**Q** 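Pasting a structure below so you can have a look.
Residues take their numbers from the sequence shown, with the count starting at 1. All of these numbers come straight from a predicted model, not from anything done at the bench.
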Amino acid sequence: MTIEKKARIIAVLIFCLTSPILYSQTCKVRNATLENGRATYIEAFEYDYVDKKPEFPGGGKSLIKFINSTREYPIEAYEMGIEGRVTCAFIVNCDGKISNIQVLRGVEPSLNHEAMRIVSAMPQWIPGELNNEPVPVRVVCCIPFSK
């Protein structure tokens, strides 16, 4: 192997190891369906792969307080004794706004709908960052329902 080839390999390795975008984990999230039936996607970073994670205003305790004060247990589900945790995913955009809300693991349709309503009612978050720049980040959150 020539010296030039070794130098080229070393340069590529250094670039790959020092470029956070290359080793940062991203995912594509369905954004919309066009008139022709084709889906559009946005790319967001996974929660564990950003330098600064997105944060609910006031932190985790404020998030729990918000969920508990906003949640309205659907009457029929409550009377039937249906309980559980609805796992939702959403994107915290560069401006802190929430988008692309989806249920990853549901319990029952009325509870799933209520969980999505709660997430959509959330105030702007403090956005996540990579290399001191705001980036869209996918967040997973559980909304509990218990009698």
Side-chain angles (χ1 to χ4, degrees), residues 4-75 77-78 82-147:
E4 289 175 4
K5 196 170 187 175
K6 285 181 183 178
R8 218 177 286 143
I9 291 172
I10 290 171
V12 169
L13 284 173
I14 290 172
F15 177 74
C16 289
L17 294 174
T18 58
S19 177
I21 298 301
L22 291 177
Y23 64 81
S24 295
Q25 183 68 35
T26 61
C27 62
K28 288 186 178 181
V29 178
R30 189 179 189 129
N31 191 34
T33 303
L34 302 175
E35 289 180 13
N36 63 6
R38 290 190 141 176
T40 62
Y41 297 86
I42 62 169
E43 193 165 12
F45 288 87
E46 293 287 356
Y47 186 82
D48 290 333
Y49 290 89
V50 292
D51 299 332
K52 182 182 171 200
K53 300 182 181 354
E55 186 178 338
F56 187 84
K61 288 183 181 181
S62 293
L63 174 59
I64 292 168
K65 186 176 180 181
F66 174 82
I67 290 170
N68 289 336
S69 66
T70 307
R71 181 180 44 228
E72 295 174 10
Y73 211 121
I75 294 171
Y78 184 83
I82 299 172
E83 297 181 331
R85 293 185 316 174
V86 178
T87 304
C88 293
F90 54 91
I91 303 294
V92 176
N93 293 297
C94 297
D95 60 2
K97 292 182 180 174
I98 303 295
S99 69
N100 300 83
I101 304 163
Q102 60 185 154
V103 173
L104 297 180
R105 185 173 182 188
V107 175
E108 186 268 341
S110 67
L111 297 183
N112 300 348
H113 181 72
E114 177 60 10
M116 290 183 67
R117 186 193 68 79
I118 292 168
V119 173
S120 66
M122 287 181 180
Q124 282 187 237
W125 285 45
I126 300 164
E129 293 182 2
L130 184 65
N131 295 333
N132 296 319
E133 293 290 327
V135 293
V137 179
R138 182 174 183 252
V139 175
V140 176
C141 177
C142 290
I143 310 291
F145 293 89
S146 61
K147 289 178 85 173

**Q** First locate atom CZ of F145, then atom CD1 of I118, and finally report the distance between them rounded to the nearest 0.5 Å.
**A**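 One finds 4.5 Å between CZ of F145 and CD1 of I118.
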**Q** So how far is it from F45 CZ to R138 CZ, rounded to the nearest 0.5 Å?
**A**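 Interatomic distance, F45 CZ to R138 CZ, rounded to 0.5 Å: 14.5 Å.
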**Q** Take atom NZ of K61 as the centre, draw a 6.0 Å sphere, and report whether it contains more than 12 heavy atoms from other residues, nucleotides or ligands.
**A**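 At most 12 heavy atoms, drawn from other residues, nucleotides or ligands, come within 6.0 Å of this atom.
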**Q** Show your working on side-chain contact (heavy atoms from CB on, under 4.5 Å) between T87 and V103 and close with a plain yes or no.
**A** CA-CA 6 Å; T87 304; V103 173; over 6 Å; no
**Q** Is the closest side-chain heavy-atom distance between V139 and K53 below 4.5 Å?
**A**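 Side chain of V139 against side chain of K53, heavy atoms only: no contact under 4.5 Å found.
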**Q** Is the backbone N or O of T70 less than 3.5 Å from a side-chain atom of R117, with the two atoms forming a donor-acceptor pair by type?
**A**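 Yes: the side chain of R117 pairs with the backbone of T70.
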**Q** Enter the distance from F56:CZ to K65:NZ here, rounded to the nearest 0.5 Å.
**A**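 Going from CZ on F56 over to NZ on K65, the span is 10.5 Å.
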**Q** Quick check for you: to the nearest 0.5 Å, what is the distance between S69 atom OG and I64 atom CD1?
**A**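 Here the interatomic distance stands at 12.0 Å.
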**Q** Quick one: which of V137, N131, I126, L130 gives a side chain to side chain contact (heavy atoms under 4.5 Å, CB included) with K52?
**A**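 Exactly one pass, corresponding to I126.
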**Q** Could you tell me which non-hydrogen atom of A44 sits nearest to which non-hydrogen atom of I91, and how far apart they are?
**A**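 Closest pair (atom of A44, atom of I91, distance): CB-CD1, 3.5 Å.
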**Q** Taking D95's backbone N and O only, do any of them form a donor-acceptor pair with N93's side chain (distance below 3.5 Å, no angle check)?
**A**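 No, the answer is negative, given that no donor and acceptor are paired below the 3.5 Å cut-off.
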**Q** Measure across N112 and G106 and return the closest heavy-atom pair with its distance rounded to 0.1 Å.
**A**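 In this case the closest contact between N112 and G106 is OD1-CA, 3.2 Å.
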**Q** Rounded at 0.5 Å granularity, tell me how far SG in C94 sits from CD in E133.
**A**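 It is 9.0 Å, given to the nearest 0.5 Å.
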**Q** Should we count CG of N132 as having more than 12 external heavy atoms under 6.0 Å?
**A**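 No - once you tally the heavy atoms of other residues, nucleotides and ligands closer than 6.0 Å, there are 12 at most.
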**Q** Quick one: does E114's side chain have a donor or acceptor within less than 3.5 Å of a partner on E72's backbone?
**A**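 Pair found, side chain donor or acceptor close to backbone of E72.
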**Q** Using the ring-ring contact (aromatic ring centres under 6.0 Å, His included) criterion, which residues pair with Y78? Sequence neighbours excluded.
**A**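 Counting only residues at least two positions away or on another chain, Y78 forms a ring-ring contact (aromatic ring centres under 6.0 Å, His included) with Y73.
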**Q** Please tell me if the side chains of L63 and M122 come closer than 4.5 Å, counting only heavy atoms from C-beta onward.
**A**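 Result yes, sub-4.5 Å side-chain heavy-atom pair found.
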**Q** Indicate the atoms forming the closest heavy-atom contact of V92 with P127, along with that distance.
**A**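 Heavy atoms of V92 and P127 come nearest at CG1-CA, 4.2 Å.
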**Q** Restricting to salt bridge (Lys or Arg N to Asp or Glu O under 4.0 Å), what partner residues turn up for E108, sequence neighbours left out?
**A**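 None.
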**Q** Of all heavy-atom pairs between C141 and F90, which one has the smallest distance, and what is that distance?
**A**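 For C141 and F90, the tightest heavy-atom pair comes out as CB-CE2, 3.8 Å.
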**Q** Within a radius of less than 6.0 Å around CZ of R85, do more than 12 heavy atoms belonging to other residues, nucleotides or ligands occur?
**A**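 Not buried by this count: 12 neighbours or fewer within 6.0 Å.
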**Q** Hey, could you give me the CG/CZ distance between L111 and R71, rounded to the nearest 0.5 Å?
**A**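 Reported value, rounded in 0.5 Å steps: 10.5 Å.
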